[in-house]
Visitor: 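Please find one structure pasted underneath; my questions will follow.
Remember, it's a predicted structure, so these values are computed and weren't measured experimentally.
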Amino acid sequence: LDGQGNVWVGDYSNHRLRKVTPDGVVTTAAGSGIAGFLDGDPALGRFNYPWGVVVDSAGSVFVADRYNHRIRKLAGGVLTTLAGSGAGGWLDGAGTKAVFNQPLNLALASGGTIVIADWGRPNQEVVVRVVERAMAAHRTHPADLESLLETDANTRAFVRTLIERT
């Protein structure tokens, strides 16, 4: 749900990002309908099972692009990759150096931190990871959710593992 009351949906089977207005009008905001990966023009952009969606206070839309193993961002009329290399696995790191394994759902915490439910490693149900604006040196693995509030608006996005549940 964004500030104008629009509902944003990852239309995973159709590989599109949809917007539903309060009046019930459905439009395609991004995605050509062809499975794949392509940043740039939202109409030509490609997703591979877009899943969870969140919208920040600035109106930027973030999408868990499940089988592309990426977190995508739609802002200013451009579709980009915020984080994820495109390879499946588990690795913390800055931006596209981070590795996800089928990110599913997203939530927005204060300070612009994006919380990600990433598919678990073998013998794990889910791995909770965060994309935050933090230095690469800030690679701690806290056990409490208070760390979600740690952000630094002057640095780039960094992915780190928050919780691994077995």
Side-chain angles (χ1 to χ4, degrees), residues 1-2 7-19 28-109 111-122 124-136 138-139 141 148 151-153 155-165:
L1 195 63
D2 67 18
V7 176
W8 291 82
V9 179
D11 187 356
Y12 61 90
S13 292
N14 291 307
H15 311 289
R16 291 184 165 120
L17 174 64
R18 309 279 192 174
K19 179 174 80 170
T28 299
S32 65
I34 300 169
F37 171 75
L38 184 63
D39 278 340
D41 182 340
L44 302 175
R46 292 188 181 180
F47 293 99
N48 196 355
Y49 285 84
W51 210 267
V53 180
V54 293
V55 183
D56 70 10
S57 60
S60 297
V61 182
F62 300 91
V63 182
D65 193 357
R66 186 172 182 181
Y67 293 119
N68 277 326
H69 310 287
R70 301 171 196 258
I71 306 303
R72 310 285 290 282
K73 178 180 179 180
L74 178 63
V78 179
L79 181 63
T80 59
T81 298
L82 177 67
S85 68
W90 307 273
L91 181 66
D92 292 352
T96 57
K97 297 207 185 310
V99 180
F100 294 101
N101 186 51
Q102 300 179 28
L104 296 170
N105 286 314
L106 305 176
L108 199 60
T113 298
I114 300 169
V115 181
I116 304 150
D118 199 9
W119 194 255
R121 295 181 175 129
Q124 292 179 323
E125 294 177 26
V126 70
V127 176
V128 176
R129 306 185 63 200
V130 295
V131 176
E132 60 189 350
R133 298 212 178 274
M135 302 288 275
H138 182 72
R139 293 188 71 173
H141 299 277
L148 291 176
T151 59
D152 181 347
T155 57
R156 62 184 177 178
F158 185 77
V159 176
R160 66 185 171 100
T161 301
L162 182 66
I163 299 169
E164 295 185 45
R165 188 174 107 193

Visitor: Would you please name every residue forming a side-chain contact (heavy atoms from CB on, under 4.5 Å) with Val61, sequence neighbours left out?
Guide: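 Residues passing side-chain contact (heavy atoms from CB on, under 4.5 Å) with Val61: Trp8, Leu17, Val53, Val55, Val63, Leu74.
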
Visitor: If the condition is side-chain contact (heavy atoms from CB on, under 4.5 Å), which residues does Ala75 pass it with, not counting sequence neighbours?
Guide: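 Once residues adjacent in sequence are excluded, the partners of Ala75 under the side-chain contact (heavy atoms from CB on, under 4.5 Å) criterion are Ser60, Lys73.
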
Visitor: Enter the distance from Ile116:CD1 to Ile71:CD1 here, rounded to the nearest 0.5 Å.
Guide: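 Rounded to the nearest 0.5 Å, the CD1-CD1 separation comes to 4.0 Å.
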
Visitor: Indicate every side-chain donor-acceptor pair of residues 32-46 with a distance under 3.5 Å to a residue at least two apart or in another chain.
Guide:
{"from": "Ser32", "atom 1": "OG", "to": "Ile34", "atom 2": "N", "distance (Å)": "3.3"}
{"from": "Asp39", "atom 1": "OD1", "to": "Arg72", "atom 2": "NE", "distance (Å)": "3.0"}
{"from": "Asp39", "atom 1": "OD1", "to": "Arg72", "atom 2": "NH2", "distance (Å)": "2.9"}
{"from": "Asp39", "atom 1": "OD1", "to": "Thr81", "atom 2": "OG1", "distance (Å)": "3.4"}
{"from": "Asp39", "atom 1": "OD2", "to": "Thr81", "atom 2": "N", "distance (Å)": "3.1"}
{"from": "Asp39", "atom 1": "OD2", "to": "Thr81", "atom 2": "OG1", "distance (Å)": "2.8"}
{"from": "Asp41", "atom 1": "OD1", "to": "Ala43", "atom 2": "N", "distance (Å)": "2.9"}

Visitor: Has Trp119 got a side-chain atom pairing as donor or acceptor with Phe100's backbone, closer than 3.5 angstrom?
Guide: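 Side chain of Trp119 to backbone of Phe100, a donor-acceptor pair under 3.5 Å: no, none is there.
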
Visitor: Taking the side chain as every heavy atom from C-beta outward, state whether Ile114 and Leu108 have any pair of such atoms under 4.5 Å apart.
Guide: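 A side-chain contact exists here, since the closest heavy-atom pair is under 4.5 Å.
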
Visitor: Looking at residues at least two apart in the chain, or sitting in another chain, which of them share a ring pair (Phe, Tyr, Trp, His ring centres under 6.0 Å) with Trp51?
Guide: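 Partners of Trp51 under the ring pair (Phe, Tyr, Trp, His ring centres under 6.0 Å) test: Tyr12.
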
Visitor: The criterion is ring pair (Phe, Tyr, Trp, His ring centres under 6.0 Å); which residues satisfy it with Tyr67, sequence neighbours excluded?
Guide: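 Result, ring pair (Phe, Tyr, Trp, His ring centres under 6.0 Å) vs Tyr67: Tyr49.
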
Visitor: What closest approach, in Å, do Pro50 and Asp11 show between heavy atoms, and which atom pair accounts for it?
Guide: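 Minimum heavy-atom separation between Pro50 and Asp11: CG-O, 4.0 Å.
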
Visitor: In Å and rounded to the nearest 0.5 Å, what is the CH2 to CG distance from Trp90 to Asn101?
Guide: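 Answer rounded to 0.5 Å: 4.5 Å.
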
Visitor: If I compare all heavy atoms of Gly93 with all of Ala98, which pair ends up nearest, and what's the gap?
Guide: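 Closest approach of Gly93 to Ala98, heavy atoms only: O-CB, 3.6 Å.
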
Visitor: Looking at Ala87 and Ser85, what are the two nearest heavy atoms and their distance?
Guide: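 Result for this residue pair: N-OG, 3.1 Å.
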
Visitor: Could you pull out all residues at least two apart from Val78 that satisfy side-chain contact (heavy atoms from CB on, under 4.5 Å)?
Guide: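 Scan of Val78 (side-chain contact (heavy atoms from CB on, under 4.5 Å), adjacent residues dropped) gives Thr80.
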
Visitor: Quick one: does Asn48's side chain have a donor or acceptor within less than 3.5 Å of a partner on Asn68's backbone?
Guide: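 Here the side-chain-to-backbone pair does not exist.
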
